[in-house]
Each structure stands twice: as structure tokens, then as C-alpha cells.
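Worksheet: the structure to be examined is printed underneath.
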Amino acid sequence: MVTASKQLSGRRVLLIISGGIAAYKGLDLIRRLRDTGLDVRCILTSGGAQFITPLSVAALSENKVHTDIFSLTDESGMGHIRLARECDLVLVAPASANIIARAARGLADDLASTVLLATDKPVMFAPAMNPVMLANAAVQENLETLRKRGYGIIEPGVGGTACGEIGSGRLAEVPDIVTIVSDFFLKNAPLRGFKALVTSGPTFEPLDPVRFLGNRSSGKQGHAIAEALAFAGAQVTLISGPVNEAPPRFVQTVQVQTAREMLEACLKSLPVDIAVCAAAVADFRPEDVSDRKIKKSGNDPVSLKLVQNPDILATLSQSNQRPKLVIGFAAETNDGMENAKAKLAKKGCDWLVLNDVGGGKVFGQDSNIVTLLRKSGNDIASDTWAEKSKKDVARDLVAAAVAFMGKPA
Ligand code: C5P
């Protein structure tokens with residue numbers, strides 16, 4: 001069980017500790033952030049390393065400390081890009097006048113500034129410097145630039161600074177920074193209080209102990225949707241067919257093989273508020289499953305009798321525990337729009353995500369071109385989105401779901 005004090009477990013903060021005497025408070029900050037359950041990864045700038053050692057940062061964060069943009073081991077896998085993306089929040093604390101200026105200007109001359117440019121995650125700066133420096137018009141202008149671009153600024157406190165001057169410039173108190181970070185995770189969760197169910201991947205329908213009927217679904221899109229729903233605060237159950245994708249973070253994943261197992265797991269997870277059926281469920285399964293490997297016999301043709309599988313999307317849409325929002329997918333090779341509209345009506349779901357899978361597109365790839373069809377009364381609204389990564393499709397679909405769901409009952 002996750003205790004209240006560890007309620008941010010599984011979330012990751014990338015903490016950039018820049019130069020300044022307040023860097024020593026960065027060490028306490030690491031501990032306090034970790035007390036909430038957060039995983040803390042750290043970048044120590046060369047300025048920061050004048051005040052505290054990488055060893056103490058590594059020991060307190062229990063993670064490798066990143067200091068150098070040109071580290072060969074890190075960069076062999078485009079380390080700075082991964083570092084910038086594989087977190088949920090970037091926190092610069094203490095933020096020196098120098099890093100604030102470089103971020104405002106868009107410089108990328110060390111690891112910290114490069115990561116700040118490369119990240120697609122929210123960023124917060126907690127400035128700390130001499131009061132006269134902070135009051136300087138250049139610094140104020142840079143902070144204003146960052147604010148306007150949507151960066152969070154954790155206002156410095158008033159009081160004595162290490163240089164003996166009194167005024168505004170002290171790093172905000174560590175517990176206050178931790179509260180702001182916790183609030184960010186807890187309040188920025190528009191689907192908190194909602195439950196969601198996602199199906200993903202293919203199903204494998206056995207024919208004999210070694211063979212099955214399957215399909216090329218990678219599970220990338222469904223898994224990304226499950227993770228995006230969880231990031232938005234929903235309690236998510238992912239029911240996944242056999243895939244190579246790692247189970248997403250913050251999600252309860254149930255692994256199944258066949259369509260019938262997938263249906264059973266879906267029904268078990270009801271009631272939910274949102275169901276997204278992204279799995280490529282096999283429409284048919286062999287009627288008989290041999291308990292021995294089927295052998296060739298001469299050159300005789302082999303025929304296979306297939307029977308229909310249950311339709312999970314239709315079952316959920318017509319269930320007496322119907323989720324408020326049911327989203328289906330339609331992978332079509334031709335006449336996409338026409339087929340999708342017919343499918344929306346036939347299955348009884350609310351929205352349908354149409355994607356064109358003609359010519360080997362989509363399956364296993366990282367990007368997707370989709371059209372979202374939304375039924376509202378007798379009307380169907382359709383939006384075609386420009387090609388984007390499956391993660392971005394997931395994020396935008398979840399944003400649309402947030403707008404649709406309103407507040408939990
Ligand atoms: O009919 P078709 O397979 O094209 O429909 C695709 C949509 O229906 C997808 O959302 C898929 O997850 C869902 N589906 C299902 N159970 C089936 C077949 C499809 O949930 N047996």
C-alpha cells in the first residue's frame with residue numbers, strides 16, 4: 001500500500017542544482033522530496049559542484065548524478081534528451097542568475113541548459129541569489145520572460161542571505177518547495193477520482209500448443225493511453241495482450257492472451273468511468289484447440305474452422321455498467337471514414353479513433369495519423385490530427401476526455 005507520506009511514489013523529478021551557496025540546501029531538498037515517494041534524478045552544474053560534491057548528491061538521491069554534457073557513457077544513447085524527457089517535472093533549485101539568464105536566452109552550453117531546452121515537461125525555477133542581483137533589471141527581465149513562457153517561479157524568501165545582506169533572494173524554504181512540488185502533482189490531475197480501463201495489444205488465439213492466430217499490434221498506442229490517463233490522475237487498469245512494451249508506470253496491468261480472457265478481465269474491472277478499447281482483438285478463433293501439435297499429413301490441404309470472438313467494445317458499450325465514456329479504435333485500410341461511422345453506430349461507443357493501416361502503416365511505428373470521431377446525439381464531429389507520436393496522440397486524446405468528463409461525482 002502507498003502510505004500518505006509516499007503518495008508521490010513512482011513520479012520522477014529531475015532536480016538541477018546550480019551554483020550558489022544555497023546549493024547546500026539542494027541536499028536537504030533531495031531528502032525531503034524523496035520522503036514524498038518521489039524518485040529524484042539530479043544534474044549538478046559546474047557552479048553547483050563548487051559548493052557541494054557529486055558524491056553527496058548521488059548518496060542522497062541514490063541515483064547517478066549527471067554533470068557533463070559530453071559524458072560518453074551517457075551520450076551513447078542521446079542521454080541528455082532521455083534525461084530531459086524521462087521525468088515528470090524539472091526543478092531548478094537553487095536557480096542562479098546565470099542559469100535563469102541562459103534558460104531565458106535559450107542557450108545550450110552545458111548539460112543543465114541543454115536539458116532545459118530539450119525537455120517537454122513542466123519546469124520550475126527556485127531562484128536564490130544576492131538581493132541586489134535579484135533586483136537587477138536584467139535578472140527581473142529574465143524571470144519575467146520565463147514566467148511568460150509558462151515556467152513556474154518559486155518566489156525567493158526575504159531575510160538574511162549568506163553574503164550578509166538582508167532582502168529578497170534567499171532560496172524559498174525547503175518544505176515550501178516540497179509543498180509546491182507536491183501540489184503540482186496532486187492538483188494537476190484532472191482525472192483524479194475517475195477509474196479507467198484500457199485494452200491494448202493483440203490477442204493470441206491458440207490453435208495447438210505451439211501455434212496461434214495473432215496480429216501485428218505492438219500495444220504502443222494503448223499503453224501510451226493508459227499511461228497518459230494515469231498521469232492525468234485516473235486509476236487505470238490496463239488489460240494487455242502479448243506485447244514487448246514495458247507495463248506503463250502508475251498503471252495496474254493485467255496480462256491476457258485470448259479475446260475471451262481479455263473480455264473477462266475487462267468485466268472484472270468494472271465499474272469504470274472511461275473505457276478505451278485500443279486492443280487489436282482477434283475477431284475469430286479456431287473452433288477447436290488441439291492439445292497436440294497438429295501434424296502435416298501428406299499434401300492434403302488443411303482447413304481451419306473459425307468461430308467469432310466476443311466483441312469487447314460492443315459488450316462494454318452495451319453493459320448495464322456502461323462507462324460514461326467509451327472509446328473504440330478502427331484500423332482501416334480503405335473507406336476509413338465510412339467504415340468508422342458505421343462502426344461507431346454498430347458498437348455503441350461514444351468516440352472512435354480512426355487510423356489508416358493501409359500499406360503497413362501504424363503497426364509497431366512510433367507515430368500515428370488519426371481522426372477522432374465523436375458522437376453527440378445524432379451528430380458525429382470529426383477531427384483529423386496531423387501526424388504525431390503515439391504518446392502525443394495519447395496525451396491529446398486524454399485532454400479531450402478530460403474536457404468531456406468534467407468533475408467526478
Ligand atoms: O470491428 P473492429 O475489430 O474493426 O473494431 C475495432 C474496435 O473494436 C477496437 O476498438 C477494438 O479494440 C474493438 N474490438 C473489441 N473486441 C473484438 C473486436 C474488436 O473490443 N472482438
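Read the numbers this way: they start at 1 and go in the same order the structure lists the ligands and their atoms.
In summary, the side chains of Thr179 and Asp176 do not present any donor paired with an acceptor at a separation below 3.5 Å, with no hydrogens or angles considered.
The neighbour count for Arg31 CZ, taken as heavy atoms of other residues, nucleotides or ligands under 6.0 Å away, does not exceed 12. No more than 12 heavy atoms of other residues, nucleotides or ligands lie within 6.0 Å of CD in Glu141, so this atom counts as exposed by the packing criterion.
Nearest residue to atom 11 (C) of ligand 1 from Ala279, Ala342, Gly328 is Ala279 (criterion: closest heavy atom).
Among all protein heavy atoms, the one lying closest to atom 4 (O) of ligand 1 is Lys343 NZ, 2.4 Å. Nearest protein heavy-atom neighbour of atom 13 (C) of ligand 1: Leu313 CB, 3.7 Å. With respect to atom 18 (C) of ligand 1, the closest heavy atom belonging to the protein is Asp283 OD1, 3.3 Å. Nearest protein heavy-atom neighbour of atom 7 (C) of ligand 1: Phe329 O, 2.9 Å. Ile312 N, 3.0 Å is the protein heavy atom nearest to atom 16 (N) of ligand 1.
We find that Glu287 and Lys305 are joined by a salt bridge, their nearest charged nitrogen and carboxylate oxygen being less than 4.0 Å apart.
At least one donor-acceptor pair under 3.5 Å links the side chain of Ser389 to the backbone N or O of Asp392.
Leu372 and Ala400 get closest at one heavy-atom pair: CD2-CB, 4.5 Å.
With a heavy-atom cut-off of 4.0 Å, Pro310 touches ligand 1 through its backbone alone.
Ligand 1 has Lys347 within reach: a non-hydrogen atom of the residue lies less than 4.0 Å from it. A heavy-atom separation below 4.0 Å is not found between Ala330 and ligand 1.
Between Phe204 and Phe212, the two ring planes are parallel [angle under 30°; tilted spans 30° to 60°].
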